[in-house]
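Written below as structure tokens is the structure these notes are about.
By convention in this document, chain letters (A, B, ...) are assigned in the order of the sequence lines, proteins followed by strands, and residues within each chain are numbered from 1. Here the structure is a predicted model, which means the values were calculated and not measured.
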Amino acid sequence: MVGRVRLATWNVNSLKARLFRVEAWLDEVQPDVVCLQETKLADGAFPSMAFQSLGYESVHHGEGRWNGVAILSRVGLEDPLFGFGPGDDDPEARLVWATCGGIRIASVYVPNGRSLDDDHYRYKLAWLAKLRTLLDQQGGASDPIVVAGDYNIAPTDDDVYDAARFVDSTHTSAPERAALADLESWGLVDTFRRLQPEPKLFSWWDYRAGDFHNHRGMRIDLVLATEPVAERARFATIDRQARKGEKPSDHAPVIIDLAD
DNA sequence: ATGGTGGCCCGGCCA
């Protein structure tokens, strides 16, 4: 076991376009474990050497043009599992697992859904149900497990700048929130929300129409953890600085610090 | 505001 652990999750919206920001951010924030989403890289193009030179082991599950997830760790990285594991029939690279610092960790990029009448919305709900099933194979609620990433779901209306604008759209629909509640009833805790009850704290803002500067965002990037991990959480923040400056992602990193 | 911006990579798709 290791002591204090700084965990983070960040949808980087192309690691190729964002590597210079990710490298600078790692140097500044000094996280121990980072879950990345939307690398948009094939496995062969993943810059594992760049991360190794900064002290991080890594695992990547990618497909090239779209999606792609990774885990970086400087507290050990063992037992990687790609997607849903052997026999996986997921056509998209949205899930990767590794054990880091004694914690079983998943980096997840939940399907967007697009619209409530779209096949991709049904894929989103089925994908979440599959994740719920897979959890049973990774351990139980009394084991240290973290499932962090871009859920493309705002858990409550407090996590959306204007809920009225998202009626009958994805990210806030009742079936999506029920799927998230299923994960929580399995034993996962929204660690950021436990430490930060203040409403209207967001992790994603549309690039368009000055949404970031006008505080029009959503909190869709979540660090869900079983109680043995959640009870160690001492500090939670969304790094809004990373959403500013040159060529930012449209998501900001979510950071959770764990005590010994 | 049925637009707006930015990633993929060059004609639209995806977010």
Review point. Rounded to whole angstrom units, what separation is found between the OH atom of A:Tyr121 and the P atom of B:dC14?
Key: 19 Å
Practice item. Tell me which of A:His120 and A:Lys247 sits closer to the 5' end of DNA chain B, going by the nucleotide each one is nearest to. Key: A:Lys247
Point to revise | Between A:Trp25 and A:Asp239: side-chain donor-acceptor atoms closer than 3.5 Å | key: yes
**Study point:** Between B:dG3 (C1') and A:Arg216 (CZ): distance, integer Å
**Key:** 12 Å
Check your understanding: Considering only B:dA15, B:dG12, B:dG7, which nucleotide approaches the side chain of A:Arg65 most closely?
Key -> B:dG12
Practice item. In whole angstrom, give me the gap between the P atoms of B:dG3 and B:dG7. Key: 23 Å
**Study point:** Test item: side-chain donor near acceptor, A:Tyr151 and A:Asp190, under 3.5 Å
**Key:** no
Review point. Of A:His251 and A:Ala17, whose closest DNA chain B nucleotide lies nearer the 5' terminus?
Key: A:Ala17
Check your understanding: Quick one: side chain to side chain donor-acceptor pair (under 3.5 Å) pairs with a partner in residues 45-57 of chain A, sequence neighbours left out?
Key -> none
Exercise for review: Using atom CG of A:Asn11 as one end and atom P of B:dC8 as the other, report the distance to the nearest whole Å.
Suggested key: 13 Å
Practice item. Whole angstrom is fine here: how far is it from CG in A:Asp119 over to P in B:dC14? Key: 12 Å
Check your understanding: Is A:Arg18 near enough to B:dG7 that one of its side-chain N or O atoms lies under 4.0 angstrom from OP1 or OP2?
Key -> yes
Exercise for review: Take atom CG of A:Asp168 as the centre, draw a 6.0 Å sphere, and report whether it contains more than 12 heavy atoms from other residues, nucleotides or ligands.
Suggested key: no
Check your understanding: If the P atom of B:dT2 is compared with that of B:dG12, how far apart are they to the nearest Å?
Key -> 23 Å
Check your understanding: Can you tell which of B:dA15, B:dC8, B:dG6 lies closest to the side chain of A:Tyr207?
Key -> B:dG6
Review point. So, do A:Trp127 and A:Phe84 have ring centers that fall under 6.0 Å from each other?
Key: yes
Review point. Contact class for A:Tyr109 (heavy atom, under 4.0 Å): base, sugar-phosphate, or nothing?
Key: sugar-phosphate
Point to revise | Separation between the C1' atoms of B:dG6 and B:dG11, rounded to whole Å | key: 16 Å
Review point. What is the distance from CZ of A:Arg243 to P of B:dG7, rounded to the nearest Å?
Key: 11 Å
**Study point:** Interatomic distance where NE2 belongs to A:His171 and P belongs to B:dA15 [whole Å]
**Key:** 9 Å
Practice item. Send over the distance from A:Asn67 CG to B:dA15 P, rounded to a whole Å. Key: 7 Å
Exercise for review: In whole angstrom, give the distance that lies between atom CG of A:Asp168 and atom C1' of B:dT2.
Suggested key: 16 Å
Practice item. For B:dA15 versus B:dC9, give the span between their C1' atoms, rounded off to a whole number of Å. Key: 16 Å
